[in-house]
There are 2 protein chains.
Amino acid sequence: MKLNGQQLKFVQTWGILGNNWGINKTMAQLHALLMISENALSTEEMMETLQISRGNTNMNVRALVEWGLANKEMMAGDRRDFYSAKKDIWVVARQIAKQRRKRELEPVIAALVEIKSETVNTDENTELLNRVNDIEDFAIKIDKMLEKFEKSDENWFYKVLLKLV
Amino acid sequence: MKLNGQQLKFVQTWGILGNNWGINKTMAQLHALLMISENALSTEEMMETLQISRGNTNMNVRALVEWGLANKEMMAGDRRDFYSAKKDIWVVARQIAKQRRKRELEPVIAALVEIKSETVNTDENTELLNRVNDIEDFAIKIDKMLEKFEKSDENWFYKVLLKLV
DNA sequence: TTTTACTTTCAATAATTATTGAAAGTAAAA
DNA sequence: TTTTACTTTCAATAATTATTGAAAGTAAAA
């Protein structure tokens with residue numbers, strides 16, 4: 001797939017965004033590429049378009065599938081694997097929220113619970129316990145909100161936004 | 001400041017969390033340390049506690065101040081600078097949201113607007129324009145939500161959560 | 001004015017993370 | 001069974017990011 005100037009810019013912008021969010025650049029760029037491609041792409045095609053190696057392409061495209069952001073597709077009479085991206089931004093946002101919640105929020109909550117259970121309520125630990133409790137409360141709230149978001153549809157989100165006004 | 005086991009664990013957990021969020025480990029650890037410290041700390045004290053170099057401490061503690069997560073304090077009759085953290089988790093969350101919105105969301109919106117203005121509506125660009133429009137809409141919504149959050153107080157957040165049920 | 005007690009900068013280096021590409025693996029076709 | 005057309009793995013290397021620590025900077029005190 002040969003990209004024109006604007007398409008290239010989109011792919012690159014998405015790469016930078018991903019990078020800022022701790023997602024690796026190639027993974028984000030592959031995602032962008034698949035999102036603007038009309039049809040599913042083969043490894044070869046992605047390699048050529050983004051000028052990256054076979055290994056890199058393979059690893060990151062499979063990471064996309066694992067994140068639920070892309071699908072592997074088989075074409076009749078073709079041995080190659082093809083990949084396509086989920087194009088609905090709401091689906092994409094929900095999948096990302098899900099992954100990040102699982103990987104970032106849940107471990108923190110678990111760690112805080114553990115710290116709490118191990119900490120005796122001495123003078124020395126007053127500040128620690130205050131922080132741990134506050135952060136835990138907050139993290140649980142965010143966690144629940146994201147959980148809700150994951151299960152929601154677009155309308156729910158719009159409704160919430162309306163209520164915020 | 002000598003840390004006990006649980007305090008150390010808290011500092012480390014916060015460091016890992018920060019790392020997952022693209023904030024550097026030392027910055028997050030310094031933040032954690034200041035959050036559980038009863039009083040403001042000097043550079044020397046932070047260096048010793050976290051076993052890091054002077055330069056590293058100085059750079060990251062100033063980054064915390066820039067992010068609005070810590071304050072520089074002067075003590076009468078002492079030439080050293082002391083630092084303390086904002087301890088209210090709501091304030092902390094709002095400051096972080098503010099920084100991330102400014103650094104991550106706003107540039108993406110700007111880039112999308114730019115791409116849109118440059119892209120002619122040909123067949124080749126159909127998918128690109130669809131993606132760009134969808135993502136822009138979504139990003140603007142999130143942007144507004146965060147903006148609201150930044151200006152809000154704890155009660156607002158609780159109210160929103162209640163309405164979500 | 002000089003010294004002292006600090007903070008800040010920044011080039012060098014260490015640590016981490018991403019990428020390559022060749023070799024190994026797999027399964028359909030010959 | 002062997003070949004062919006692919007995918008996957010992984011050690012080596014490149015790129016990026018964080019950290020050090022010495023040197024330069026700063027301003028209060030002597």
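Computed from heavy atoms alone, side chains included, the values below leave out hydrogens, waters and symmetry copies. Below, read A as the first sequence line, B as the second, and so on, with proteins coming before strands; counting in each chain starts at 1.
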Between P of D:dT7 and CD1 of A:I52, the distance in whole Å: 14 Å
Touch class at under 4.0 angstrom, heavy-atom based, for A:R54 against every strand present: base
Sequence neighbours excluded - side-chain hydrogen bond (donor to acceptor under 3.5 Å, both in side chains) pairs with any residue from residues 40-53 of chain A: A:E44-A:R54
Of all pairs that satisfy side-chain hydrogen bond (donor to acceptor under 3.5 Å, both in side chains), the ones with a partner from residues 29-40 of chain A, not counting sequence neighbours: A:W14-A:H31
Nucleotide N/O of nucleotides 3-6 of chain D paired with protein N/O under 3.5 Å:
| from | atom 1 | to | atom 2 | distance (Å) |
| --- | --- | --- | --- | --- |
| D:dT4 | O2 | A:R79 | NH1 | 3.1 |
| D:dA5 | O4' | A:R79 | NH1 | 3.2 |
| D:dA5 | N3 | A:R79 | NH1 | 3.3 |

Any residue of residues 65-77 of chain B with a heavy atom less than 4.0 Å from an atom of DNA chain D: none
Residues within residues 8-42 of chain B bordering DNA chain D, heavy-atom distance below 4.0 Å: B:N24, B:T26
Looking at residues at least two apart in the chain, or sitting in another chain, which of them share a salt bridge (charged side-chain N to carboxylate O under 4.0 Å, His left out) with [X]?
{"X": "B:R79", "result": "none"}
{"X": "A:R101", "result": "A:E106, A:D143, A:E150"}
{"X": "A:K102", "result": "none"}
{"X": "B:K2", "result": "none"}

Which protein N or O atoms sit under 3.5 Å from an N or O of nucleotides 24-26 of chain C?
none

Secondary structure of DNA chain C in dot-bracket form (Watson-Crick or G-U wobble, distances below 3.5 Å, | marking inter-strand pairs): ||||||||||||||||||||||||||||||
Partner residues of B:V65 under the side chain to side chain contact (heavy atoms under 4.5 Å, CB included) criterion, sequence neighbours left out: B:A70, B:Y83
Phosphate OP1/OP2 of C:dA18: any A:N56 side-chain N/O under 4.0 Å: no
B:N58 side-chain N/O to C:dT7 phosphate OP1/OP2 under 4.0 Å: no
